[in-house]
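Here the structure is a predicted model, which means the values were calculated and not measured.
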Amino acid sequence: AQSVTQLDSQVPVFEEAPVELRCNYSSSVSVYLFWYVQYPNQGLQLLLKYLSGSTLVKGINGFEAEFNKSQTSFHLRKPSVHISDTAEYFCAVSPSGGYNKLIFGAGTRLAVHP
Amino acid sequence: ETGVTQTPRHLVMGMTNKKSLKCEQHLGHNAMYWYKQSAKKPLELMFVYSLEERVENNSVPSRFSPECPNSSHLFLHLHTLQPEDSALYLCASSLAGGNTIYFGEGSWLTVV
């Protein structure tokens, strides 16, 4: 079985500051890793994903994440945030192969202040 | 605009009502999913259909009944719900065996 832990339930940050949202996972099989974003009153939008290859993946809206197998982490980063980045961010894992079965973390609320 | 469309976006129903949530995907996918998002809880996978066959039923109460008539449409039939079933219900789709799931905007359900 897989599980995902998002270490911070809320992250307040000032506009134009860098941010890191932390995600750790556990799994006995190889997995794919994802970050999704949910803006208020909307569904989930895919930010980026790690399937294989380079451990640094770049996504939309200037976000990137780094897969660290030894630390079983997949932290999300952005060097300079905007007010419009205020949203809920979800880390998720899915076993590689077979049909998708995304397991989500509890989410991190990013609040960007002017 | 998303390739996965859910209707209605908002639904209020009494505990004795019968209603349905509808999902349609325009992405050429052949696997569809229902997730439940409650306040203060992680997203929960409810059902998975792959190639129109149900492959996952995550211990969901029988008052929730899914239907997948073809690879583009997915329904969630609701009857005799409880107030604790109030949540955002998210539909999603992917290619069977694919690695990425795409979500709709969700249907907000309130049970009174």
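The contact between L44(A) and chain B is made by backbone and side chain atoms together, counting heavy-atom distances below 4.5 Å. Q37(B) touches chain A through its side chain: at least one heavy atom from C-beta onward sits under 4.5 Å away, while N, CA, C and O do not. Proximity to chain B (any heavy atom under 4.5 Å) is restricted, for Q38(A), to the side chain, taken from C-beta onward.
Between the CD atom of Q45(A) and the OH atom of Y102(B) there is a distance of 11.0 Å, given to the nearest 0.5 Å. We find the CZ-CG distance between R9(B) and N41(A) to be 8.0 Å, quoted to the nearest 0.5 Å. Interatomic distance, T100(B) OG1 to F34(A) CZ, rounded to the nearest 0.5 Å: 5.0 Å. In this structure, CG in L43(B) is found 9.5 Å from CG in L102(A), a value given to the nearest 0.5 Å.
Using a 4.5 Å cut-off between side-chain heavy atoms of Ile, Leu, Val, Met, Phe, Trp and Tyr, with links allowed through other members, Y89(A) and F67(A) fall into the same hydrophobic cluster. Hydrophobic clustering, with ILVMFWY side chains joined whenever heavy atoms are under 4.5 angstrom apart, keeps L21(B) apart from V4(B). Placement of L48(A) and I60(A) within a single hydrophobic cluster is found when ILVMFWY residues are connected by side-chain heavy-atom separations under 4.5 Å, directly or transitively. No path of Ile, Leu, Val, Met, Phe, Trp and Tyr side chains, each step under 4.5 Å between heavy atoms, connects F104(A) with L110(A), placing them in separate hydrophobic clusters. Hydrophobic clustering of Ile, Leu, Val, Met, Phe, Trp and Tyr side chains at less than 4.5 Å, counting indirect connections, unites Y39(A) with I83(A).
Two residues are said to be in side-chain contact when any heavy atoms from C-beta on lie closer than 4.5 Å; Y36(A) and I101(B) meet this criterion.
Shown here for P42(B) and G105(A), the closest heavy-atom pair between the two residues is CB-O, 3.9 Å.
The 12-atom threshold is not exceeded at CD of E53(B), counting heavy atoms of other residues, nucleotides or ligands nearer than 6.0 Å.
Heavy-atom neighbours of chain A within the stretch residues 85-93 of chain B, taken at a separation under 4.5 angstrom, comprise L88(B), L90(B).
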